[in-house]
Amino acid sequence: SVDDEFAQLPSGLPGYDDRPGVAVFVSSHCGAQPRTHYLAKLERYLDVDIYGKCGDKVIGGSESNETLVDVMSRYKFYLSFENTLSPGYVTEKLLSLPLQAGIVPVYLGAPDADYLSYRFWHRSGKSIAKDKQRKQNRAAQWFVNVADFDTPHHLSKFLTKMKKHTWDSYVAAHQQH
């Protein structure tokens, strides 16, 4: 099964139980809409720490060697919310940062982001034949797509109820790409 195939995390990254934080959001561009509205609604239901100019948390400091990746590796989920929601527009928010920190990206951005999930799976030889089947088997994906949820409350329920094994599968699948 897909779960068994991707259950092992890459070495050197903190696992599910070693990440005390639930969700992290990092931004210095505070006026970006609609992500700002979505984040505000999501915070009603989910514990989110906000770093950068848009929040009250700071990465590193004058006497610290702490990096963004160090910070992110203390959380289970990275809110990978793009500044712009345009087809095909995907930045490091979805790809490189979550990969480096071994964190599950929760993506709000390109409306065609599901295509990315399918394309990466197809190229890796692990495609899932039917779109409906893929949506039903979220563990086969490497990111959580905000568009798959009707409300921020539904998303928060999904994230907070996610089991360790499923989380490990997301991270390991992302590491495969």
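When all heavy atoms are compared, the tightest approach of M72 to I103 is O-CD1, 3.3 Å. Between V90 and A110, the closest heavy-atom pair is CG2-CB, 4.1 Å. Residues L97 and Y78 share a closest heavy-atom pair of CD1-OH, 3.9 Å. Contact record, V22 with L46: CG1-CD1, 3.6 Å, taken as the closest heavy-atom pair. The heavy-atom pair separating P34 from L85 by the smallest distance is CG-CD1, 3.2 Å. Closest heavy-atom contact between F81 and F25: CB-CE1, 3.8 Å.
Residues satisfying the ring-ring contact (aromatic ring centres under 6.0 Å, His included) criterion with H154, sequence neighbours excluded, are absent altogether. Scored by the side-chain hydrogen bond (donor to acceptor under 3.5 Å, both in side chains) test, S86 finds no partners at all (sequence neighbours excluded).
Rounding to the nearest 0.5 angstrom, the gap separating the NZ atom in K164 from the OH atom in Y16 is 9.5 Å. Distance OH/Y107 to CG/D148: 13.0 Å, rounded to 0.5 Å.
In the model, R35 has a side-chain atom that pairs as donor or acceptor with a side-chain atom of S27 under 3.5 Å. Between the side chains of D49 and Y75, a donor-acceptor pair is found at a separation under 3.5 Å.
Side chain of T36 to backbone of Q33: no donor-acceptor contact under 3.5 angstrom is found. A donor-acceptor pair under 3.5 Å is absent between the side-chain atoms of R74 and the main chain of P20, judged by distance alone. No donor-acceptor pair under 3.5 Å is formed between the side chain of D168 and the backbone N or O of H165. Checking side-chain atoms of K76 against main-chain N and O of R19 turns up a donor-acceptor pair under 3.5 Å.
The aromatic ring centres of Y170 and W142 sit 6.0 Å or more apart.
Judged by a 6.0 Å distance limit and a 45° cone about the ring axis, K157 is not positioned over the six-membered ring of Y45.
Residues L79 and V69 do not share a hydrophobic cluster, defined by chaining ILVMFWY side chains whose heavy atoms lie under 4.5 Å apart.
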